Each structure stands twice: as C-alpha cells, then as structure tokens.
Asks: 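Here it is, the structure in full.
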Amino acid sequence: MAPEPVSDGDEPTRAFRRVRRTRGIAFRTTASILVFGGLVGGIAAVGSAKLIEHKEHRRLNDALVESMAAVQRTASVAAYARDEQLAAEVVAGLLQSSSVAHAEILEGDTVLAAVGANTASASPNGAALRGLLRSPFDASETIGELRVVPASAFIAAKAADYSRLVASLLAVLVLSITLGVAWLVGRGVTRGIGRLAGELHGLDVVSGSKVTVPAGHAEDELGRLAGDINALLERMDAALAREREARGLHAAAERKWRLIFDNAGSGLFTLDAQGGLVEWNAALVRALGLKDDECARGGASLAELLGDGAGRLERMRAAIVEGSEAASADFERRDADGGSRWLHVVLNAVEGGGELLQGIVNDITERKRAEDNARAQAERDALTGLLNRRGLERAYSVRLHEYAGTAGLGVLLVDLDGFKWVNDNHGHEAGDELLQLVARRIEGVVRRSDKVARIGGDEFVLLLDDLKSMSMARNIAAKLVDVLSQPFAVLDGCKVRIGASVGVVFTQYPSGQMAELLRRADAAMYEAKKAGKSQYCFAFPV
C-alpha cells in the first residue's frame with residue numbers, strides 16, 4: 001500500500017517530532033547519563049588501575065621477601081661453611097622466580113655464588129633486597145649477606161597487566177550500569193513525558209480535550225502530572241467560559257455607556273496626560289458654544305477651548321495625579337460675540353494615576369448671574385444704588401490684593417451739612433430724593449475707576465484708586481464741596497441748599513484696615529465741620 005500523503009497541517013507535528021527526537025528529555029537524559037557514567041567510569045578505572053598497580057607491585061616484592069626468608073637459613077649454613085656449591089644451589093633456586101633478576105650470597109666481602117644479570121643492569125634504580133646471614137651457632141654473629149635484585153620491569157609489567165584487566169572489567173561494569181539506568185529512565189520516565197508532551201502539543205483546549213495517563217503510571221508522579229494537567233484544562237475551560245460571559249456583559253455595558261455618553265445633557269469627555277480631548281459628546285460641544293469641527297480633531301486642548309490662560313485645569317490634573325479623587329472649578333469662557341458663559345468642570349482619574357482623566361462640564365451661567373445679582377444687591381445701597389459698607393470693604397480688599405505699590409490711595413468721608421433740616425421740613429420723601437441727587441453728583445465728580453459708597457444716613461465714602469499725588473485727592477475734595485453746595489430741585493421743583501464737610505485720608509500704601517482709614521477720615525471731617533462746614537480737611541500725618 002502506498003503511503004498516504006502528508007497534508008500541510010501535519011507539518012508542525014512532524015517538525016515537533018523531529019525536535020523531540022533531537023532535543024527531547026529522553027535523548028538529553030540518555031546522553032547526560034552516558035556522559036556522566038563514562039566520566040565517572042573513566043576516573044574510577046584510571047584511579048583503580050594506579051591503585052591496583054601499586055598494590056600488585058608491593059605484593060610481588062613481599063613475595064620476594066618471603067622467598068628470601070625461606071632460604072635464609074640454608075644460605076647462612078653455606079656462608080658459614082663457605083660452601084660454594086650449596087650457595088650456588090640456593091641462588092639458583094631463587095632465580096627460578098621470574099620476579100628475581102639477580103641473586104648472590106656473600107661471606108664477608110667474598111661472593112660465594114651469584115646468578116642472573118649484573119646488578120646495575122638488573123636494577124637501574126639500585127633497589128636490591130638484602131638479608132643478613134647469622135651464624136648457625138651464634139645468632140648475634142653476622143657472617144654474610146643474601147642479596148636479591150627484583151626484576152623491576154617484569155614486576156611492573158605484571159602489575160600493569162593486572163591493573164588493566166581490573167580497570168577493563170570495572171569500565172564494562174560501569175558502562176553496563178549506565179546503559180541500564182539510561183534504558184530504565186528512558187522507558188519508565190522520559191517516554192511517558194514525551195507522550196504527554198506530544199498530546200499537549202496537539203491538544204484542542206476549546207473542544208475540551210484531555211490528556212491520557214501513560215500506561216503503567218497511574219499511581220506515580222507521571223500519573224499525577226497527567227491528572228494535574230487535566231484539572232488545569234478544566235479550570236482553563238471554566239475560565240474561558242467566564243471570560244466569554246464577562247466579555248458579553250462588558251459589551252452590553254459598553255453599549256449602555258455609549259448610549260448614556262452620547263445622549264447625556266451634561267458635557268462628558270476624557271482627557272489624555274497632556275490635557276487633550278480623547279472622547280467627548282455633543283453636549284460638550286454645546287456647552288462650550290463651539291462648532292462641530294472646532295473640537296473634532298483628536299487631541300484638542302480643553303484648556304485652550306475653555307480659555308484657561310492661568311493654568312487652573314493643569315493644577316486640577318496635578319492634584320489628581322498626587323492622589324485627589326476629584327477636582328472641580330468654575331471657568332468663564334468668552335464667546336466670539338463678546339458674551340461670556342460660566343462652566344463648572346469636574347475631573348477624576350480613570351486609570352494609570354492621571355494618565356487618563358474623565359470629566360463633566362455643566363453650563364452654570366444662569367446660576368452665576370443669579371449669584372452675581374444677589375451679591376450685587378447685598379453690596380448695594382437700595383436707595384441710591386451706590387455701594388454699601390459691605391460693598392466698600394470688598395472693593396477695598398480687592399484693591400489690597402491687586403495693589404502693585406506704584407500709586408497712592410485716597411479715602412474721602414463726606415457728611416452732608418443741612419440735610420436734617422431738609423428732611424424735617426420737606427419730609428422723608430424729599431430727603432430720599434435729595435440723597436439720590438447727591439449720589440449722582442458725587443458720581444459725576446469722580447473717575448469711573450473710583451468707588452462711591454453710602455455707609456449710612458447722609459454719610460458717603462469715596463475710594464479714590466491709583467492717585468499719583470495728594471493734590472489729586474485735594475482737587476476731587478474741592479470739587480465735591482463745590483458741586484454739593486449748588487441748589488437741588490426736589491419735590492417737583494422745590495429748590496433746597498445743603499453743604500458737605502469732607503475728611504480726606506491719603507496714603508502711599510493701602511496696608512491698613514478699612515476701619516482705621518475711615519476713623520481717620522471721620523476725624524478729619526469733624527475738623528472741617530468745626531472750621532465752619534462746607535469745606536474739606538486732610539488727616540495728618542499721611
């Protein structure tokens with residue numbers, strides 16, 4: 001049967017199998033065991049060879065010593081009797097051993113018998129074995145010496161042969177054990193792991209597939225690993241189901257949010273870290289009084305659209321970055337036609353600690369106008385329309401806040417002379433009309449930047465701002481005395497005359513309290529009254 005063609009879809013699996021064969025755990029584990037076993041076996045073989053060679057060498061030497069001890073008594077008799085024949089038989093017997101290269105018996109300095117190679121050639125290192133020969137009748141008397149020169153080359157060769165044999169057996173044993181361990185590891189561990197890896201590689205998580213437990217591993221670590229993998233797959237399947245559900249809920253919430261965002265009556269928007277608009281609704285365009293294309297471009301600066309030249313919006317964003325939950329402020333935006341509108345802006349963080357902000361804009365123009373009207377009414381005299389005491393103090397506090405120290409300030413306290421007579425003789429209605437006429441004449445004398453207030457009864461106060469010199473305050477005070485001494489027509493043409501006593505305070509820096517300036521002006525006004533009324537008087541020192 002011809003082999004079936006392999007489709008393109010099988011190519012990843014084939015590539016995986018090739019990689020698994022060359023880089024898999026079984027291959028790497030077997031190679032590692034072989035390398036480690038070979039290294040350990042080599043070290044053990046070399047070490048054991050050296051040790052065995054040394055021990056074998058000692059054993060052969062010990063055998064020579066024992067042989068010498070065995071013939072030493074006979075050699076002693078030969079030396080005592082000076083029997084060369086017996087001595088020759090003794091050394092000839094020793095030479096029968098392959099481990100002996102040369103043997104000789106000496107009686108004193110005389111060689112009785114000697115066999116084998118000469119001493120120098122037999123033992124290059126001169127390592128001859130010597131045994132003293134004692135008299136058979138007196139053990140304390142030395143009569144000669146038995147010398148044996150070991151066959152060093154032969155002994156070394158025998159020891160080397162023996163050590164190589166032992167090392168070879170040890171190497172074969174280590175190699176056999178290594179191969180056996182590699183086979184057992186491959187069959188019992190890595191093969192199962194390889195099968196699990198192959199199944200995981202081709203696993204379709206979406207379909208709910210599971211891996212099979214390798215045969216024979218149901219109760220061991222591989223079985224538990226397969227079980228844990230299946231449990232993980234079940235949890236992943238449950239997590240995917242929850243994610244799909246959450247994604248559906250998120251999409252529904254997104255649609256609801258978009259519906260609310262697009263149709264809300266308040267201006268809604270999001271800002272990036274640079275203060276540029278990312279998203280906005282139609283209500284924001286209406287609140288800002290813009291055309292559709294004025295904020296249609298992405299990244300349009302909200303601060304510029306609000307006309308915020310003082311950087312207040314940036315300070316709000318910085319406060320949120322530093323940890324504030326929300327920040328709000330009122331902005332006055334000038335329209336192209338010269339009008340203005342007030343907008344209340346609220347910012348709060350969406351994510352990233354200020355990287356993205358969301359906000360709401362509401363048009364509060366009508367509320368601001370109502371507040372301004374209420375404030376104006378609270379700071380105005382109902383009869384004359386001038387500032388009252390409260391309005392005067394607020395105007396002075398504004399002057400203190402904005403003062404640059406380049407000019408002086410004049411405070412004039414005006415008290416009407418003869419007003420009580422008009423009020424008593426012509427009635428309160430005539431008195432009220434006279435106060436209104438006085439207010440208009442005072443306003444005609446001062447500049448538009450000056451402030452005029454009625455602080456009670458027939459007392460008026462003028463706050464003359466930005467005076468270059470004391471003479472300017474003197475001129476205005478003189479004009480007031482003059483115009484207020486002219487006749488007034490009240491009650492359908494009835495003419496009355498009054499006067500005005502004026503106390504003047506001039507200061508180069510308005511650093512004192514308003515009450516102190518009024519007290520000084522009041523004292524100067526009384527000096528003017530004492531001097532004959534209808535005149536002005538300065539408070540000194542300035």
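It should be emphasised that the depicted structure is a prediction, and the values quoted were computed from it without experimental measurement.
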Asks: Under the side chain to side chain donor-acceptor pair (under 3.5 Å) rule, collect the residues that match up with E366, sequence neighbours excluded.
Replies: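 Residues passing side chain to side chain donor-acceptor pair (under 3.5 Å) with E366: R369.
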Asks: According to side-chain contact (heavy atoms from CB on, under 4.5 Å), who are the partners of E332, at least two apart in sequence or on a separate chain?
Replies: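 R334, S340, W342.
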Asks: Kindly indicate whether the side chain of V115, heavy atoms from C-beta on, has any atom under 4.5 Å from the side chain of H102.
Replies: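 No. Closest side-chain heavy atoms not under 4.5 Å.
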Asks: Of the non-hydrogen atoms in L356 and L271, which two are nearest, and what is the gap between them?
Replies: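 For L356 versus L271, the nearest heavy atoms are CD1-O, 3.1 Å.
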Asks: Looking only at heavy atoms, which two atoms of L313 and A303 are closest? And how far apart?
Replies: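 Scanning both residues completely, I find the closest heavy atoms to be CD2-N, 3.7 Å.
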Asks: CG/L409 to CG/D466 distance, rounded to the nearest 0.5 angstrom?
Replies: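 These two atoms lie 10.0 Å from each other.
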Asks: With a 3.5 Å distance limit and no angle check, can you tell me whether R317 reaches the backbone of R312 through a side-chain donor-acceptor pair?
Replies: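 No, because the side chain of R317 does not come within donor-acceptor range (under 3.5 Å) of the backbone of R312.
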Asks: With side-chain contact (heavy atoms from CB on, under 4.5 Å) as the criterion, how do L305 and L277 come out once you've worked through the C-alpha distance, each side chain's angles and the decisive distance to 0.1 Å?
Replies: CA-CA 10 Å; L305 296 176; L277 287 170; 3.7 Å; yes
Asks: What residues form a salt bridge (charged side-chain N to carboxylate O under 4.0 Å, His left out) with E84, not counting sequence neighbours?
Replies: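 Once residues adjacent in sequence are excluded, E84 has no partner under the salt bridge (charged side-chain N to carboxylate O under 4.0 Å, His left out) criterion.
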Asks: Listed by chain and number, what are the side chain to side chain donor-acceptor pair (under 3.5 Å) partners of R247, not counting sequence neighbours?
Replies: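 R247 satisfies side chain to side chain donor-acceptor pair (under 3.5 Å) with E243 only.
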Asks: At what distance, to the nearest 0.5 angstrom, does CZ of R315 lie from CD of E322?
Replies: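 Between R315 CZ and E322 CD, I get 12.5 Å after rounding to 0.5 Å.
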Asks: Tell me the closest heavy-atom pair linking V91 and A114, and the distance in Å.
Replies: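 For V91 and A114, the tightest heavy-atom pair comes out as CG2-N, 4.4 Å.
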Asks: Keeping the roles fixed (side chain from D363, backbone from L343), state whether a donor-acceptor pair exists under 3.5 Å.
Replies: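 Looks like no, no N/O pair under 3.5 Å.
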Asks: Can you list the residues that meet the salt bridge (charged side-chain N to carboxylate O under 4.0 Å, His left out) rule with R82, with sequence neighbours excluded?
Replies: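 With sequence neighbours excluded, R82 shows a salt bridge (charged side-chain N to carboxylate O under 4.0 Å, His left out) to E107, given in chain and number order.
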Asks: Partners of R341 by side chain to side chain donor-acceptor pair (under 3.5 Å), sequence neighbours excluded?
Replies: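 If we apply the side chain to side chain donor-acceptor pair (under 3.5 Å) test to R341, skipping adjacent residues, there are no hits.
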Asks: Who are the side-chain contact (heavy atoms from CB on, under 4.5 Å) partners of R224, not counting sequence neighbours?
Replies: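 With sequence neighbours excluded, R224 shows a side-chain contact (heavy atoms from CB on, under 4.5 Å) to E221, given in chain and number order.
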Asks: Please report the shortest heavy-atom distance between M316 and A327, naming the atom on each side.
Replies: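 Heavy-atom minimum between the residues: CE-O, 3.4 Å.
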Asks: Residues in side chain to side chain donor-acceptor pair (under 3.5 Å) with T142, at least two apart?
Replies: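 With sequence neighbours excluded, T142 shows a side chain to side chain donor-acceptor pair (under 3.5 Å) to R134, given in chain and number order.
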Asks: Test of understanding: with side-chain contact (heavy atoms from CB on, under 4.5 Å), list the residues that count as partners of N281, not counting sequence neighbours.
Replies: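 F261, A264, L268, A283, L284.
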Asks: To the nearest 0.5 Å, how far apart are OG1 in T270 and CH2 in W280?
Replies: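 One gets 8.5 Å once the value is rounded to the nearest 0.5 Å.
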Asks: Any non-hydrogen side-chain atom of I43 less than 4.5 Å from a side-chain atom of L39?
Replies: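 Side chain of I43 against side chain of L39, heavy atoms only: contact under 4.5 Å found.
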Asks: Name all residues meeting the salt bridge (charged side-chain N to carboxylate O under 4.0 Å, His left out) criterion together with E89; count only those two or more places apart in sequence or in a different chain, and write none if there are none.
Replies: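 In terms of salt bridge (charged side-chain N to carboxylate O under 4.0 Å, His left out), with neighbours along the sequence ignored, E89 is linked to no residue.
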Asks: May I ask you to test the V345-N362 pair for a side-chain heavy-atom distance under 4.5 Å?
Replies: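 V345 does not reach N362 side chain to side chain.
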Asks: Between E145 and R147, is there a side-chain heavy-atom distance shorter than 4.5 Å?
Replies: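 Answer yes - side chains close enough.
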Asks: Give me the atom names and distance for the closest heavy-atom approach of P136 to I143.
Replies: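 Residues P136 and I143, closest heavy atoms: CD-CD1, 4.4 Å.
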Asks: For a quick test of reading the model, state the closest non-hydrogen atom pair linking Y396 to M514 and the distance between them.
Replies: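 Taking Y396 first and M514 second, the nearest heavy atoms are CG-SD, 3.5 Å.
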Asks: Is any side-chain heavy atom of L86 closer than 4.5 Å to one of V77?
Replies: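 When only atoms from C-beta onward are counted, L86 and V77 do touch, with a gap below 4.5 Å.
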Asks: Quick one, L146 and V71 - any side-chain contact, counting heavy atoms below 4.5 Å?
Replies: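 The answer is yes; the side chains approach within 4.5 Å.
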Asks: Quick one: list whatever passes salt bridge (charged side-chain N to carboxylate O under 4.0 Å, His left out) with R286, sequence neighbours left out.
Replies: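 Residues passing salt bridge (charged side-chain N to carboxylate O under 4.0 Å, His left out) with R286: none at all.
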Asks: Determine whether V100 and V149 make a side-chain contact, defined as any pair of heavy atoms from C-beta on separated by less than 4.5 Å.
Replies: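 No - every pair of side-chain heavy atoms lies 4.5 Å or more apart.
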Asks: If you measure from CG on D272 to CG on L357, what distance do you get to the nearest 0.5 Å?
Replies: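 Going from the CG atom of D272 to the CG atom of L357 covers 9.0 Å.
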Asks: What's the separation between atom CG in L106 and atom OG1 in T110, rounded to the nearest 0.5 Å?
Replies: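 Separation between the atoms: 8.0 Å.
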Asks: Are any side-chain N or O atoms of H344 and backbone N or O atoms of S328, one a donor and one an acceptor, separated by less than 3.5 Å?
Replies: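 Here the side-chain-to-backbone pair does not exist.
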Asks: Listed by chain and number, what are the side-chain contact (heavy atoms from CB on, under 4.5 Å) partners of A70, not counting sequence neighbours?
Replies: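 Partners of A70 by the side-chain contact (heavy atoms from CB on, under 4.5 Å) criterion come out as none, since no residue qualifies.
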Asks: Compare all side-chain heavy atoms of F269 with those of L347 and state whether any distance is below 4.5 angstrom.
Replies: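 They are in contact (side-chain heavy atoms under 4.5 Å apart), so the answer is yes.
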